[in-house]
Amino acid sequence: MVKDVTVEKLLSAIPPAQLNPTSKELIKKAYLFSEKGHEGQKRRSGEAFFQHPFRVALILAEEVRLDVLSVVAALLHDLVEDTKVTIDKVKEEFGEEVALIVDGLTKLAHVHFRSSQEKQAENFRKMLLAMSKDLRVVMIKIADRLDNIRTISSMPEVKRRTISRETLEIYAPLAYRLGMGKVKIELEEIAFSQLNPEKYNKLKKEILTRHTVHQKFIEEVRREILKVCYAQDLKIECQGRVKHLLSVARKMERQNVDIDQIYDVVAFRILTKSVLECYEVLGLMHAQWRPLPGRFKDYIAMPKPNLYQSLHTIVVGPRAQMVEIQIRTEQMHEVAEYGIAAHWKYKESGTFKDTGPLEWVNRLVEQRNETENPHEFISNVKADLFVEDIYVFTPNGDVLEFPDGATPLDFAYTIHTELGHRTTGAIVNGKVVSLKSHLKSGDCVEIITSSKARPSRDWLKFVKTTRARQKIRTHLRAEEREISSEIGEQMLESAFRKQGKSLSREVEKKEFSDLLSRVGLSEVRELFIEVVYGKLAAPDVLTTYQKVLGEEDETEQQPKARRKKARKGFQPRIEVSGIQNVLIRYAHCCNPIPGDDILGFVTRGRGVTIHRTDCPRVPDFDEKRVLEARWRMAEKEDLHHAMIKVLTEDAPGLLYEMSKVMTDAAVNITKARVTTTTAGHAENIFHVQVHDLQELNVIIDKMEKLKGVISVNRSQV
């Protein structure tokens, strides 16, 4: 809490380099303008409302180190929302740039992430758009959240928990993404204390009881680090600390251990004068203590998207205790502590238009424009907020950033959407790998493509990036609609043909446009899709069209019983291999083979699935989407999957005899399972490949004649 709420205190917190007579007067003016605007307003705690925007401005000056205009905007950020001051008045008094920031903050004032998914997605979109225009808007919003959570004690418990959860899920990760390390840690600590006070207090107590031991160890290691570096004439700064509580708690939960089993509770930070010295110090640390394999990360050569740079290593220090060491220059440390605001400070122009960190934001905005499902969009944003990054190389040596666990397919979609669609494999570090393999930092990736390749629904199970997932889903949806359109067209064509009409000719007529209007559609293709999805039945479409033409519906003249029968059997007959350019699939539930009585079921967006007519699932099918089907002449080479269940006595040699029946018939067994029943019998399930039902029946007949065989049946499960 700030007791000294004076403009002098605020001015003293701003670096002298940013202060000149003009900026001083602007801050004083904003201070007085905000104080007057909020006069008489109180917060829930009873304090004067003006103290809140003042503290937010102080956070930006002292802890985030944003520019003067950001401090001015922070002082004014609640005026348009909570007083009669308009955005035009702000623009008139403080200029267009300040007004744009305040306007962005005003639009975000009602952004709460605990509402329904659709509203939540819209709130995300507002925040992302604000970030893409000017990052300062969201940085001030984060500072606003930091002050609110610091003063959260005056709120009811339910609201405290809601705000804390929102802080952990959204604002702390956002602060991390923007490189605001100190702010991120404090947001997490306070939120943790509110969401799980028992665990927080217990862990805090355990850390405090070990305070003396930790401090003694920290000082011992620090002296050793300084001694080693000074011996090489390296003038460094070294700080040791105990990791913050939420970090320790997460590690305990992840490793399922208590605090005594967490060995790297302490961490050290070494500051150098140059990049070259960073690597020199790293070499000295690895010479002094044994480094843990695979725990070194070079964020100097490959900075994080939030511009963070540092060398990270874990070594086995004194008394065999693991120690985390971070090595960076003083300039890198400023960026690590204060985020991209510190990075901008080192730009010659001093401008806040730097677009480096915006790639992630722009990627999310692009996803929002492509994603219709609010739940999917929210999941994508949260996944990107929490992600840990790896860095891989293109064949040309360019470095690309990916989430941990990313695959070659993610790499392909990052390069280009069409490259992703055509991917068949990848070469990583000179070796061919599967599309599911996980990339590691430093990998060099080359993509193998084929013009015949296309995205598979299975890809969604292992891609990691939201971009890849979104592009695959978009392609599959387009493909599904195309398949559905073709099936729907042929269903309607068959229905029209039964009444002596040609659909292809009728769609050219003006009356068909009238039909589309009657059913609330604008395109013929949409009509086909509605038929496949069961929203419109083919016979009903034909009836409506006949009314448009002024023709009498012949089905209305039939007796009721006969009409019902006609409606049921009205679906077109297809050949299994047969609707042109439409995907035909065989149902795994009943495994139809040539010779079986079959039917087709229109699976939404996935073509026609062929079932046996005696499949137990058939009674549950939507009648409007059932098609009659028949086998055409099968090619001799065509093989189909079937299952045989054989119940036998539990006798030696019988399994061999059954296998021999199939071997003699040149039938391939793809899988077999044998289990013993409680009655002392053996149940044998054989998965076989046969050409048709006749071949399968011959095998079943021969099996039944074997001694010890009780029964042989075709299995559906």
Side-chain angles (χ1 to χ4, degrees), residues 63-66 135 139 142 172-185 225 229 234-241 243-244 247 267-286 291 294-315 323-361 384-394 397-404 406 440-443:
E63 303 175 54
V64 183
R65 300 192 180 181
L66 276 183
L135 283 177
M139 294 174 81
I142 290 170
L174 269 176
Y176 166 76
R177 274 286 179 177
L178 296 174
M180 301 163 69
K182 289 177 68 176
V183 172
K184 176 237 182 196
I185 289 172
I225 290 173
C229 291
L234 289 169
K235 307 302 180 186
I236 64 163
E237 289 183 40
C238 180
Q239 306 160 350
R241 61 181 175 84
K243 291 184 177 180
H244 66 282
S247 174
F268 293 84
R269 185 174 297 127
I270 300 173
L271 304 184
T272 70
K273 299 295 183 184
S274 68
V275 173
L276 181 60
E277 287 184 353
C278 288
Y279 290 98
E280 286 185 59
V281 171
L282 177 69
L284 291 173
M285 295 301 100
H286 284 182
R295 300 303 296 270
F296 166 65
K297 294 180 181 178
D298 188 345
Y299 294 120
I300 293 179
M302 292 181 286
K304 291 186 177 185
N306 59 15
L307 309 176
Y308 175 90
Q309 288 182 287
S310 188
L311 300 177
H312 288 197
T313 188
I314 295 180
V315 299
V323 175
E324 180 182 320
I325 300 175
Q326 300 171 357
I327 308 166
R328 61 180 74 137
T329 65
E330 293 171 356
Q331 178 178 326
M332 292 173 189
H333 181 60
E334 283 238 2
V335 174
E337 292 290 286
Y338 305 111
I340 54 181
H343 171 77
W344 282 319
K345 191 173 77 172
Y346 292 102
K347 294 284 184 182
E348 289 183 11
S349 64
T351 178
F352 277 73
K353 300 300 181 184
D354 186 349
T355 58
L358 293 179
E359 290 182 16
W360 166 74
V361 180
D384 269 7
L385 282 175
F386 281 102
V387 75
E388 290 294 330
D389 301 317
I390 60 170
Y391 304 89
V392 301
F393 293 92
T394 68
D398 296 325
V399 179
L400 297 178
E401 166 225 345
F402 291 96
D404 188 26
K440 301 186 296 293
S441 280
D443 282 347

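Across all non-hydrogen atoms, the minimal contact from Y299 to H312 is CE1-ND1, 3.8 Å. Scanning all heavy atoms of the two residues, the minimum distance from A301 to Y279 falls at N-OH, 3.9 Å. The shortest non-hydrogen separation linking M285 to I325 is SD-CD1, 4.0 Å.
Side-chain contact between E334 and Q331 is absent, with no heavy atoms from C-beta onward closer than 4.5 Å. I225 is listed as a side-chain neighbour of I236, based on a closest heavy-atom distance under 4.5 Å. Contact of the R328 side chain with the Q309 side chain is not registered, since no non-hydrogen atoms from C-beta on lie closer than 4.5 Å. Annotation: side chain of F268 is not in contact with side chain of V315 (no heavy-atom distance under 4.5 Å). In this structure the side chain of V64 reaches within 4.5 angstrom of the side chain of M180, judged on heavy atoms.
Between atom CD of residue E280 and atom CG of residue L234 there is a gap of 5.0 Å, rounded to the nearest 0.5 Å. Taking CG from L276 and OG1 from T329, the interatomic distance works out to 12.0 Å, rounded to the nearest 0.5 Å. Interatomic distance, L311 CG to K297 NZ, rounded to the nearest 0.5 Å: 13.0 Å. Atom CZ of F393 sits about 10.0 Å away from atom CG of L400, to the nearest 0.5 Å. Taken to the nearest 0.5 Å, the CD1 atom of I300 stands 8.0 Å off from the CD1 atom of I327.
Counting only N and O atoms by type, the side chains of Q239 and R241 include no donor and acceptor under 3.5 Å apart.
The side-chain contact (heavy atoms from CB on, under 4.5 Å) test with M332 is passed by exactly one of V275, L271, T272: V275.
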